[in-house]
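Residue numbers count from 1 along this sequence.
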Amino acid sequence: EKLSNRDLLKSAGLYAEDHVTGKNGFNLAAVMLLGRDEVIRDICPAYQTDALVRKVNVDRYDDRLTVVTNLVESFEQLFKFAALHLPDKFYVEGAERKSLRNIVAREMLVNTLMHREYSSSYQAKCVIEQDRMYVENANRARFNGPITLRNLEPFPKNPLIASFFRNIGYSEKLGSGARKMFKYGRLYSGVEPEFFEDDVFRIIQPLNENYSFDAENEAGGQKGGQKSGQKGGQNEDLELDSTEFILEQIARNPHITRRE
């Protein structure tokens, strides 16, 4: 049996009973995920994400996008903006080509939308500079300091939003995004990203347009091949010299023994 839209929202925890008033209705997560712009503005007037490119004009910006729509549409707009201004470097994993740019941009943007503290008036940002891309947003910090793979502990700050993002394919299981960032962020620029937990949460992804993991590996393979070839050539020369020496000795003394 096909579920109605309301039943689908109920199953996602976005339509529920208010235990204070006893009335049923859409909660804040539903409004932020799927609401109309004017409704979001009434409930959360400080909400917006400012996307900037600062590569040439670092005091102001080269390009800008101000996003004030719901989270589903916000992700789509911010992702297109990031894809427009970031290089999509060649990379193959196994037999499959993967877009390192798309992986890095997706994980950063999903994180800043999914785990933001929406009661704060702090303006969230997504900034692309010459040597780095970073996102920052208001946060309910559990501690102050850098996040690494060793101290990473998944914690859903907005569990209904996180669950909805997973169900529509924007994110995966809790904690996997940070691990993917550490892996693919390094492959993208040669340097691991940085995560900072504080009242303002930040992810900083270094950028290096001159770095290519594929080109580095190819260059390494060529060097290895050259060394192997040189060694092989030297061995062939030694074998040839030895053969000529043996033939010369036999010609001088046909009765020479193997030991001699």
Side-chain angles (χ1 to χ4, degrees), residues 33 49-56 61-67 69-116 124-137 147-149 152 154 161-195 201-222:
L33 282 164
T49 304
D50 205 13
L52 302 166
V53 175
R54 287 177 176 151
K55 293 184 176 181
V56 178
Y61 55 83
D62 307 322
D63 197 5
R64 183 180 186 180
L65 176 68
T66 301
V67 180
T69 190
N70 65 56
L71 298 183
V72 172
E73 293 178 6
S74 288
F75 172 77
E76 294 172 355
Q77 293 181 22
L78 290 167
F79 185 80
K80 288 179 181 178
F81 183 84
L84 178 65
H85 294 288
L86 293 171
D88 193 13
K89 301 177 182 181
F90 182 82
Y91 173 71
V92 172
E93 190 170 86
E96 178 185 1
R97 187 190 185 286
K98 288 191 173 183
S99 173
L100 297 173
R101 177 201 64 190
N102 289 357
I103 294 172
V104 168
R106 185 187 75 169
E107 298 303 336
M108 292 180 73
L109 294 172
V110 164
N111 194 293
T112 194
L113 294 172
M114 193 164 64
H115 299 304
R116 185 182 307 181
K125 299 179 186 68
C126 170
V127 182
I128 299 173
E129 298 176 343
Q130 192 67 41
D131 59 353
R132 66 175 184 170
M133 171 183 177
Y134 68 89
V135 294
E136 60 181 33
N137 55 267
I147 297 175
T148 66
L149 286 174
L152 176 64
I161 293 175
S163 175
F164 191 87
F165 268 33
R166 285 196 300 273
N167 287 334
I168 63 175
Y170 281 3
S171 68
E172 299 173 15
K173 65 181 182 180
L174 199 61
S176 64
R179 290 184 173 85
K180 289 181 74 172
M181 275 293 301
F182 279 112
K183 175 183 177 181
Y184 292 105
R186 184 177 182 83
L187 293 174
Y188 187 58
S189 67
V191 183
E192 285 187 348
E194 298 175 294
F195 291 69
F201 182 85
R202 291 182 177 88
I203 304 175
I204 302 173
Q205 169 62 50
L207 298 177
N208 183 354
E209 293 190 0
N210 296 320
Y211 176 82
S212 168
F213 177 81
D214 182 74
E216 291 272 330
N217 273 6
E218 187 174 337
Q222 289 176 351

Test of understanding: with side-chain contact (heavy atoms from CB on, under 4.5 Å), list the residues that count as partners of [X], not counting sequence neighbours.
X: Pro193; result: Met181, Phe182, Phe195, Gln205
X: Ser212; result: Asp214, Ala215
X: Glu129; result: Arg54, Val127, Asp131, Arg132, Tyr134

Between [X] and [Y], what is the shortest heavy-atom contact and its length?
X: Pro87; Y: Glu209; answer: CG-CG, 4.4 Å
X: Leu152; Y: Ala178; answer: CD2-CB, 3.9 Å
X: Thr69; Y: Ser74; answer: O-OG, 2.9 Å

field: side chain to side chain donor-acceptor pair (under 3.5 Å) partners of Ser99, counting only residues at least two apart
entry: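 Residues passing side chain to side chain donor-acceptor pair (under 3.5 Å) with Ser99: Asp88, Asn102.
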
query: Partners of Glu136 by side chain to side chain donor-acceptor pair (under 3.5 Å), sequence neighbours excluded?
result: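 Glu136 satisfies side chain to side chain donor-acceptor pair (under 3.5 Å) with Tyr122, Lys125, Arg202 once adjacent residues are dropped.
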
Taking distance alone, no hydrogens or angles, what donor-acceptor pairs closer than 3.5 Å link side-chain atoms of residues 161-169 to residues at least two apart or in another chain?
unit_1	atom_1	unit_2	atom_2	d
Asn167	ND2	Ser163	O	3.3

task: List the steps, then state whether side chain to side chain contact (heavy atoms under 4.5 Å, CB included) holds for Val110 with Phe75.
output: CA-CA 7 Å; Val110 164; Phe75 172 77; 3.6 Å; yes

- prompt: Salt bridge check: are Lys180 and Glu172 linked by an N-O gap of less than 4.0 Å?
  reply: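 Looking at Glu172 together with Lys180, the answer is yes, because their closest N to O distance falls below 4.0 Å.
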
query: Can a salt bridge be assigned to the pair Glu107 and Arg179 using a cut-off of 4.0 Å between side-chain N and carboxylate O?
result: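 Salt bridge: no.
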
To the nearest 0.5 Å, what is the distance between [atom1] ([X]) and [atom2] ([Y])?
X: Leu187; Y: Glu192; atom1: CG; atom2: CD; answer: 10.0 Å
X: Leu100; Y: Lys183; atom1: CG; atom2: NZ; answer: 10.0 Å
X: Leu109; Y: Ser171; atom1: CG; atom2: OG; answer: 12.5 Å
X: Asn137; Y: Met114; atom1: CG; atom2: CE; answer: 11.0 Å

- request: Taking Asp50 for its side chain and Thr66 for its backbone only, find out whether a donor-acceptor pair lies under 3.5 Å.
  value: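 Checking the backbone N and O of Thr66 against the side chain of Asp50, no donor-acceptor pair under 3.5 Å is found.
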
- prompt: Is there a donor-acceptor pair closer than 3.5 Å between any side-chain N or O of Arg64 and the backbone N or O of Ala51?
  reply: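 No, Arg64 side chain to Ala51 backbone: no donor-acceptor pair under 3.5 Å.
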
Min side-chain heavy-atom separation [X]-[Y] under 4.5 Å:
X: Leu33; Y: Asn70; answer: no
X: Val191; Y: Tyr211; answer: no
X: Phe81; Y: Thr49; answer: no
X: Ile203; Y: Thr112; answer: no
X: Ile128; Y: Leu207; answer: yes

query: Tyr184 and Arg101: side chain to side chain contact (heavy atoms under 4.5 Å, CB included), yes or no, with the steps?
result: CA-CA 9 Å; Tyr184 292 105; Arg101 177 201 64 190; over 6 Å; no

field: NZ/Lys80: more than 12 non-hydrogen atoms of other groups inside 6.0 Å
entry: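 Incorrect, the count does not exceed 12.
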
query: Has Lys89 got its NZ or CZ under 6.0 Å from the middle of the six-membered ring of Tyr188, at an angle within 45 degrees of the ring axis?
result: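 Positive - Lys89 is close enough to the ring of Tyr188 and near enough to its axis.
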
message: Determine whether Phe213 and Phe90 satisfy the following criterion, side chain to side chain contact (heavy atoms under 4.5 Å, CB included), listing intermediate values before the conclusion.
response: CA-CA 8 Å; Phe213 177 81; Phe90 182 82; over 6 Å; no

field: Side-chain donor-acceptor contact under 3.5 Å, Tyr170 with Glu76
entry: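 Yes, because at least one side-chain N or O of Tyr170 sits under 3.5 Å from a partner of the opposite role on Glu76.
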
- prompt: Are side-chain N/O atoms of Ser189 and Asn208 paired as donor and acceptor at under 3.5 Å?
  reply: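 Judged by distance alone, the side chains do not pair up.
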
